[in-house]
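Below: one structure, written as C-alpha cells.
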Amino acid sequence: MSKKILVTGALGQIGSELVPELKSKHGKDDVIALDYSSPPDDYEGLLLEGDVRDKEVLSELWEKYDFDEVYHLASLLSATGEKKPDLAWDVNMEGLKHVLDLAKEHDTKIFWASSIAVFGPNTPREKTPQHTILEPITVYGVTKVSGELLCQYYHEKYDLDVRSLRYPGLISWKEKPGGGTTDYAVEMFYKAVEGENYICFVDEETRLPMMYMEDAIRGTLKLMEAPEEKIKVRTSYNHSALNFEAKDLEREIQKHYPDFEVEYKPDERQKNADSWPDSVDDSKAREDWGWDHEYDLEKMVKVMLENLERKLN
Ligand code: NAD
Ligand code: SER
C-alpha cells in the first residue's frame with residue numbers, strides 16, 4: 001500500500017525541492033504539501049494553505065489522509081526570528097508540539113529540521129561534536145534546542161519514531177532562502193550570474209558549515225529510510241558536508257566570473273554567524289545510518305552557476 005506523506009513549509013527553500021523528490025518516489029497524489037503562503041501561479045500539484053499553529057487544521061488533515069510520514073519544515077529562520085522573536089517562538093514551538101501530538105495519536109513517523117543554530121559561543125568551534133554545549137544566542141536557536149529535546153522526549157516517553165538533522169547553511173538555486181544568516185552564500189551566486197557585484201552582510205573571514213541542497217535532500221531521505229534500530233540519536237544528528245569562509249566562496253565564483261567583486265559590510269546577522277561553528281563533526285550520522293556527502297566547494301559552485309544561468313538567462 002502506498003504511503004501518505006505531509007510536508008509542512010512546502011513552499012520554502014527545502015520544501016520546494018523535497019516535495020518533488022517525495023512525489024517522484026511515492027506518487028504525486030500521496031504527497032500533501034502545506035504552507036501558509038499562497039502558491040505561485042506556476043506551482044505544480046496541490047498546495048493546501050494552512051497555519052501549523054492551528055491544531056484544528058492539522059488534525060483535520062490527519063483525519064482525512066491518515067499520514068504515514070510527516071516532514072515538518074514550517075519555521076521562521078534565524079534572521080527573521082531576531083526581528084520577530086515572539087512569532088518565531090509560536091511558529092517553531094507550537095507547530096512542532098501539534099505535529100508531535102498528532103503523530104503520537106496516529107503513530108506517524110516524523111522528520112523535523114533542526115540546525116547548526118543550536119550551537120552558541122561556548123560550543124567548541126572546530127569539528128563541533130554531536131554531544132556538546134547547546135547555548136544559542138538567537139531565539140531561533142533556542143527553539144531548535146527546545147524542539148530537539150521535545151522530539152527526544154516524545155521518542156522516550158511515547159516511542160514516537162521522530163528523526164531529525166541539524167542542517168548547516170543550505171545552498172540551492174530553485175527557491176531563494178527564507179530569512180536566514182547563511183542566505184549570503186546564495187545571494188552571492190545570484191549577483192554573480194546577474195552580472196552585478198555583491199554587498200555581503202557577513203565579513204570575509206566568516207567561516208560556516210554549508211551543504212548543497214541535493215546532498216541535504218539525499219541525507220534527509222536516507223535518514224528517514226534507515227531501519228529504526230540504526231537511529232541512535234533522537235535529538236538531532238549533526239549533518240555536515242563542507243565549510244568555507246565568505247571570501248573562499250567569492251574566489252571560487254571568480255574562477256567562473258573573473259570580474260565579479262564582493263564588498264563586505266557586516267550587519268546584525270554577523271553576530272548570529274559568529275556564534276555558530278566553523279565546522280561540524282557528523283561522524284555519528286556517517287556511522288549510524290551511512291550519511292555521506294557528494295558536493296565539495298568546487299563541484300557545488302560549478303553546478304549552482306550552471307543552474308542559475310539556465311534559470312535567470
Ligand atoms: P523557508 O523559510 O525557506 O521556508 C519555510 C516555509 O514555512 C515558508 O514557505 C513559509 O511560508 C512556511 N511557514 C512559515 N510559518 C508557517 C506557518 N505558521 N504555517 C505554515 N507554514 C509556515 O525555510 P527552509 O530553509 O525551507 O527551512 C525548512 C526547515 O529547515 C526549517 O525548520 C529551518 O529551520 C530548517 N533549516 C534550514 C536551513 C537552511 O539553510 N535553509 C538550515 C538549517 C535548518
Ligand atoms: N540557514 C539557517 C539560518 O541561517 C541555519 O539554520 O537561519
Side-chain angles (χ1 to χ4, degrees), residues 6-19 33-40 43 47-55 57-58 61 70-84 87-99 110-119 136-148 151 164-172 174-187 201-202 206 208-213 215-217 219-220 236-241 269-277 280:
L6 172 68
V7 180
T8 73
L11 289 177
Q13 192 193 4
I14 302 176
S16 58
E17 304 217 17
L18 182 64
V19 168
L34 176 83
D35 205 290
Y36 78 169
S37 303
S38 307
Y43 189 78
L47 184 110
L48 303 176
E49 286 178 49
D51 190 326
V52 295
R53 288 170 296 174
D54 187 341
K55 194 171 178 191
V57 166
L58 294 174
L61 284 178
V70 173
Y71 293 77
H72 179 45
L73 303 177
S75 172
L76 259 57
L77 274 75
S78 59
T80 316
E82 288 312 286
K83 289 193 183 121
K84 299 174 183 171
L87 183 64
W89 178 264
D90 291 349
V91 172
N92 297 9
M93 295 313 299
E94 280 177 28
L96 177 61
K97 179 76 167 50
H98 295 332
V99 166
I110 299 296
F111 174 82
W112 175 70
S114 187
S115 160
I116 51 164
V118 292
F119 304 121
I137 58 161
T138 60
V139 70
Y140 173 67
V142 172
T143 65
K144 292 299 183 188
V145 175
S146 312
E148 286 192 4
C151 288
S164 173
L165 294 173
R166 289 174 180 156
Y167 290 129
L170 300 181
I171 297 181
S172 66
K174 285 190 186 156
E175 196 59 50
K176 285 188 174 172
T181 302
T182 57
D183 297 11
Y184 86 82
V186 180
E187 291 174 7
F201 61 76
V202 297
T206 302
L208 285 169
M210 299 276 187
M211 185 182 288
Y212 186 49
M213 186 63 84
D215 272 340
I217 300 292
T220 305
S236 188
Y237 275 100
N238 281 4
H239 193 222
S240 183
R269 289 168 281 188
Q270 182 71 47
K271 197 171 159 207
N272 305 345
D274 287 343
S275 74
W276 296 345
V280 167

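Only heavy atoms go into these numbers, but all of them, side chains included; no hydrogens, no water, no symmetry mates. Whatever order the structure lists them in is the order used to number ligands and atoms, beginning at 1.
Side-chain contact check for L11 versus P40: some heavy-atom pair is nearer than 4.5 Å. Counting heavy atoms from C-beta on, the side chains of S78 and T182 never come closer than 4.5 Å. Contact check for T80 versus Y140: no side-chain heavy atoms found under the 4.5 Å cut-off. Contact check for W112 versus K144: side-chain heavy atoms found under the 4.5 Å cut-off. Here the side chains of E187 and F201 are in contact, with some heavy-atom distance below 4.5 Å. With contacts defined as side-chain heavy-atom distances shorter than 4.5 Å, the pair L34/L6 qualifies. When side chains are defined from C-beta on, P136 counts as touching V145, because their heavy atoms get closer than 4.5 Å. Within the 4.5 Å cutoff, the side chain of H72 has heavy atoms near those of the V52 side chain.
The N/O atoms of S37, backbone and side chain alike, include one that comes under 3.5 Å of an N/O atom in ligand 1. Polar contact check, K176 against ligand 1: no nitrogen or oxygen pair lies under 3.5 Å apart. Here's the thing with D183: none of its N/O atoms is less than 3.5 angstrom from an N/O atom of ligand 2. Geometrically, ligand 2 and W276 share no nitrogen or oxygen pair separated by less than 3.5 Å.
Closest protein heavy atom to atom 29 (C) of ligand 1: L73 O, 3.4 Å. Looking at atom 9 (O) of ligand 1, its nearest protein heavy atom turns out to be D35 OD2, 2.6 Å. Ranking protein heavy atoms by distance to atom 26 (O) of ligand 1, first place goes to I14 N, 2.9 Å. In terms of protein heavy atoms, atom 22 (C) of ligand 1 is closest to Y36 CD2, 3.5 Å. Annotation: atom 6 (O) of ligand 2 to nearest protein heavy atom, S115 OG, 2.6 Å. T181 N, 2.6 Å is the protein heavy atom nearest to atom 4 (O) of ligand 2. The single protein non-hydrogen atom nearest to atom 40 (O) of ligand 1 is L170 N, 2.9 Å, given as residue, atom name and distance. Scanning the protein for heavy atoms near atom 41 (N) of ligand 1, the closest one is Q13 OE1, 2.8 Å. Ranking protein heavy atoms by distance to atom 4 (O) of ligand 1, first place goes to G12 CA, 3.1 Å. Taking atom 36 (N) of ligand 1 as the reference point, the nearest protein heavy-atom neighbour is Y140 OH, 3.7 Å.
Close approach of ligand 1 to A113 is summarised as follows: ligand atoms under 4.0 Å from at least one heavy atom of the residue are 29 (C), 30 (O), 32 (O), 35 (C). Every atom of ligand 1 with a heavy atom of S115 under 4.0 Å away is listed here by number and element: 43 (C), 44 (C). Near G169, meaning under 4.0 Å from one of its heavy atoms, ligand 1 places the atoms 40 (O). Numbered from 1 in the order shown, with element, the atoms of ligand 1 that lie under 4.0 Å from a heavy atom of D51 read 17 (C), 18 (N), 19 (N). Residue Y140 has at least one heavy-atom neighbour below 4.0 Å for each of these atoms of ligand 2: 5 (C), 6 (O), 7 (O). Atoms of ligand 2 found under 4.0 Å from any heavy atom of L77, numbered from 1 in the order shown, are 2 (C), 7 (O).
Around atom 1 (N) of ligand 2, the closest heavy atom drawn from I14, L170, V118, T182 belongs to T182. Taking all heavy atoms of L77, I116, V91 into account, the minimum distance to atom 2 (O) of ligand 1 is reached by L77. Remark: among candidates G178, P177, S75, the nearest residue to atom 5 (C) of ligand 1 is S75, based on non-hydrogen atoms. The heavy atom nearest to atom 20 (C) of ligand 1, out of those in G9, G141, G50, is found in G50.
Ligand 1 has at least one atom lying under 4.0 Å from a heavy atom of S114. Between Y167 and ligand 2 there is no heavy-atom distance shorter than 4.0 Å. Look at P168 and you'll find a heavy atom under 4.0 Å from some atom of ligand 1.
Nearest heavy atom pair, residue V186 against residue Q13, reads CG2-NE2, 4.2 Å. Scanning both residues, V139 and A88, for their nearest heavy atoms gives CG1-CB, 4.0 Å. Closest of all the heavy-atom pairs between Y36 and L76 is OH-CD1, 4.5 Å.
How far NE2 of H239 is from CG of D215: 7.5 Å, rounded to the nearest 0.5 Å. Of the inter-residue distances, the one linking I14 atom CD1 with I217 atom CD1 reads 6.5 Å to the nearest 0.5 angstrom.
At a heavy-atom distance under 4.0 Å, atoms from both the backbone and the side chain of S78 approach ligand 2. Counting heavy atoms under 4.0 Å from ligand 1, residue K144 touches it through the side chain alone.
Under the 3.5 Å distance criterion, with hydrogens and angles disregarded, a donor-acceptor pair is assigned to the side chains of T206 and Q270. There is a side-chain donor-acceptor pair under 3.5 Å between T220 and Y167.
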As a quick check of understanding, evaluate side chain to side chain contact (heavy atoms under 4.5 Å, CB included) for E148 and R166, giving each step before the final call.
CA-CA 9 Å; E148 286 192 4; R166 289 174 180 156; 2.8 Å; yes
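Other residues, nucleotides and ligands contribute at most 12 non-hydrogen atoms within 6.0 Å of the NZ atom of K271.
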